[in-house]
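So the structure is just underneath, and the comments pick up after that.
We name chains A, B, ... by the order of the sequence lines, and we start the count at 1 in each one.
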Amino acid sequence: MIQLSNVTAKYPGGEGIELVSLTVEPGEFVYLVGPSGAGKSSVLKVIYRDIIPQSGHVVVGGFNSLTFKKKQIPYLRRKLGIIFQDFKLLMDRNVFENVAFTLRVTHTRGVEIKRKVLRVLADVGLSHKRLKMPYQLSGGEQQRVAIARALVNEPIVLLADEPTGNLDPEAAEEIMQLIEKINSKGTAILMATHDFRLVRAQRRKVIKIEKGMTRS
Amino acid sequence: MSSGFLYSIGEGLRGLRRAKFSTFVSIFTIFISLAVIGLFVVFIFNVNWIMTQIKSRMELEIFIDNSFTKEQIDTLRSQIEEVAGIESVRYVSKEEAAEVFRNEVGRDIFEILDDNPLPPSFQVKLRPEVQTSSRAENISDQLANFDGVDEVLYRRDILVILERYFRLFLIISLGIGLVLAIGSIFLIYNTIKLIILSRRSVIEIMKLVGATRRFIRRPFIVEGVIQGIVGGTLAALFFSLLFQILKTEIPELIVVTQAVYPILIILGALLGLIGSMFALRKFLKY
Ligand SMILES: Nc1ncnc2c1ncn2[C@@H]1O[C@H](COP(=O)(O)OP(=O)(O)OP(=O)(O)O)[C@@H](O)[C@H]1O
Ligand SMILES: [Mg+2]
């Protein structure tokens, strides 16, 4: 479903990733672990095509880097849910509108929007806060909103870049449980973190990355 | 499609509200620019109309050899009538010329001289399309070469001067109009730039959740066009008011057709469109 083979993507400064290979199968939970600056975010960026690889081969949900066109970026991203440590919420609209944003951007009808948003807000446990503004929420709650926004389009995979990085241990634990719950319902997860303590449960795939290179 | 379009308009208005001051400035600039451009157009229309009036009264006078017989004069007339650009030819006999002389000078020519020295002539009217000075001169040269034509006269000096000033005025007003249009475009560009910069995070999130390029850009285009339309509408209102006042003061004024109003608004929208396109190209590369 996601497959990177020998992918090299460098920034103008020479930093970046080199010969990275990994796969994510449907429903799988994959950790991408490595120290700060190792290239975790860069791997995710290659997947959602924020950076273009110089060499190697990337396949994401039917999109192939060999034939990929710039025009396809929006349609690629509609298949992905993406969350970050800084949440990236729209501060001038409430929870409902933040989640609905994904659907408005993709021309969903109003009734449909309402139904889908309310369902996903229930999934992340925020139904009662749907009219609150982001600044009225705790960090953990804000990340839940971001997760709801990422999931509302029913993505093939949730890309999580250090999702608990800005949270206190308790909130972080809750978010991890939520992500696990999402995974147990069938959504694949690719989670980047520098925190090995977050890696748990033996069944899961762990990809280590260091100085831009993956090691298995 | 329609829900997406409504969304764009909503987002557009939201952006304009956020950049209130610069929105106001660019709308005002468009208004002033279009008003000035419009004033030029009205003035040019009127001057042009006056010039056509003058030109249509312009005639060539062709003096005929005094010794020409009636038949020769008739032949000459048919020759003249065949020249392209001639509208009508009227024969003025020696007697008629003397009559005109008496009317204009106030004395009978026969009081001064025994014989009537005034030659017969043709008064030639030109078609409107050849009434520019250069083409009239061409025709005059052509006519002067005919057998039996002594001299061709026409009041070309006034026409030349008039045309020169008119052209100068046209060029100057075109230049000023262009400068104003560019100024308007620049201010819209600036407003849209501010809105784009103030909405960086929204744009980033839009890209993230899979908005198409068109969808991201459309609100900004809408914003530019709205500013242009508002500015253009203000200019149109200004003109309808101005015309109402001027009409009573100067009844001879020809008001440019009703088409000015939609044209002003469309022109405003166009300026807005161009301004926002430039801003998008510079600040929203996606
Ligand atoms: N936009 C950029 N331009 C130039 N260099 C960059 C850019 N983004 C990242 N880098 C460099 O590329 C390398 C990998 O960065 P990346 O953000 O992928 O690391 P990371 O593993 O996500 O680190 P962290 O845990 O701190 O988020 C780093 O050395 C970083 O300085
Ligand atoms: Mg990172």
Side-chain angles (χ1 to χ4, degrees), chain A residues 44-45 47-51 60-61 63 69-84 86-93 97-114 117 134 145-156 158-161, chain B residues 1-24 191-226 276-277 279-286:
Chain A
L44 298 185
K45 282 179 183 170
I47 293 172
Y48 64 86
R49 198 78 179 185
D50 198 36
I51 55 178
V60 179
F63 291 99
K69 295 203 181 54
K70 208 175 158 202
K71 277 206 158 142
Q72 296 177 305
I73 292 176
Y75 306 99
L76 164 71
R77 293 191 184 165
R78 287 175 198 185
K79 290 190 161 191
L80 309 172
I82 313 172
I83 58 172
F84 300 90
D86 60 352
F87 321 133
K88 295 195 199 295
L89 298 180
L90 295 163
M91 288 313 196
D92 62 345
R93 25 202 122 181
E97 279 307 319
N98 263 280
V99 177
F101 195 69
T102 308
L103 300 172
R104 299 208 190 283
V105 155
T106 52
H107 313 291
T108 313
R109 283 187 312 122
V111 247
E112 190 88 330
I113 289 176
K114 191 160 184 198
V117 172
V145 178
I147 291 172
R149 180 180 68 198
L151 292 180
V152 74
N153 236 352
E154 289 154 27
I156 56 171
L158 179 68
L159 304 177
D161 192 350
Chain B
M1 161 63 207
S2 72
S3 78
F5 190 68
L6 284 180
Y7 170 86
S8 297
I9 290 179
E11 285 295 302
L13 291 174
R14 213 189 261 251
L16 289 179
R17 265 205 304 279
R18 229 169 281 175
K20 268 198 208 83
F21 180 70
S22 96
T23 300
F24 174 77
T191 312
I192 302 299
K193 172 184 125 181
L194 290 179
I195 300 172
I196 291 174
L197 295 184
S198 76
R199 298 182 65 200
R200 279 230 157 113
S201 60
V202 187
I203 294 168
E204 187 196 348
I205 293 165
M206 279 184 162
K207 290 179 183 175
L208 210 59
V209 299
T212 55
R213 179 184 142 93
R214 221 177 69 189
F215 186 85
I216 295 175
R217 292 162 65 100
R218 207 162 49 187
F220 299 106
I221 305 243
V222 167
E223 277 155 6
V225 172
I226 285 177
S276 48
M277 291 293 240
L280 284 174
R281 251 177 65 162
K282 186 95 196 276
F283 297 100
L284 217 171
K285 295 192 183 103
Y286 180 51

Looking at [X] and [Y], what are the two nearest heavy atoms and their distance?
X	Y	result
B:F215	A:R104	CZ-O, 3.6 Å
A:F84	B:L208	CE1-CD2, 3.2 Å
A:P74	B:T212	CG-CA, 3.7 Å

State, yes or no, whether a side-chain contact exists between [X] and [Y] at a heavy-atom distance under 4.5 Å.
X	Y	value
A:L90	B:I205	yes
B:V202	A:R93	yes
A:R77	B:V209	no

Given A:Y48, A:F101, A:Y75, the one with more heavy-atom pairs under 4.5 angstrom with chain B than any other is A:F101

Does any backbone or side-chain atom of A:L80 lie under 4.5 Å from a heavy atom of chain B? Answer side chain, backbone, both or neither.
neither

Under 4.5 Å heavy-atom distance to chain B, tell me which part of A:T102 shows up: side chain, backbone, both or neither.
both

[X] [atom1] to [Y] [atom2] distance, which is reported to the nearest 0.5 Å:
X	Y	atom1	atom2	answer
B:S201	A:D92	OG	CG	7.5 Å
B:R213	A:K70	CZ	NZ	6.5 Å
B:K207	A:R49	NZ	CZ	14.5 Å

